[in-house]
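For reference, the structure is listed below as structure tokens.
All residue numbers refer to positions in the sequence shown, counting from 1. Atom set for the values below is all heavy atoms of this structure, side chains included, hydrogens, waters and symmetry mates excluded.
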Amino acid sequence: MASHVDPADPLAPYEKRRRPPLDIYRRHRPLHGGASHLRPDDPRALEEWDGFTYAPAGTASDLAAAAAWVVQAEAEPQ
């Protein structure tokens, strides 16, 4: 996706604002806080960008499962 705004498209600025920060559509967070790389066996909250904010999308049993969920989304076309 181009990072510039097309002056011919009246909705381009709006569409640009609806993109997630750093173009990260899925992310995961430890359920009990802390850094993501600490305690890799702890469960993770999964979050997905809905066009306005990150919304809960489920849970993962550990860091490896959460990372696999994120990678799966990167392989799918947007």
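Residues passing the side chain to side chain donor-acceptor pair (under 3.5 Å) test with Arg29, sequence neighbours excluded: none. With sequence neighbours excluded, the residues forming a side chain to side chain contact (heavy atoms under 4.5 Å, CB included) with Ala8 are Asp6, listed by chain and number. Looking at residues two or more places apart in sequence or on another chain, you find a side chain to side chain contact (heavy atoms under 4.5 Å, CB included) between Ala55 and Asp50.
Not a single donor-acceptor pair under 3.5 Å links the side chain of Arg26 to the backbone N or O of Ile24.
The shortest distance between side-chain heavy atoms of Pro30 and Arg44 falls below 4.5 Å. Under the 4.5 Å side-chain criterion, counting only non-hydrogen atoms from C-beta, Val70 is in contact with His28.
Scanning both residues, Pro40 and Asp62, for their nearest heavy atoms gives O-CB, 3.3 Å.
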task: Let me see the working for Tyr54 and Arg27 under side chain to side chain contact (heavy atoms under 4.5 Å, CB included), right down to the final yes or no.
output: CA-CA 8 Å; Tyr54 286 101; Arg27 69 182 187 184; 3.3 Å; yes
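Distance check, rounded to the nearest 0.5 Å: CG of Asp42 to CG of Leu31 gives 8.5 Å.
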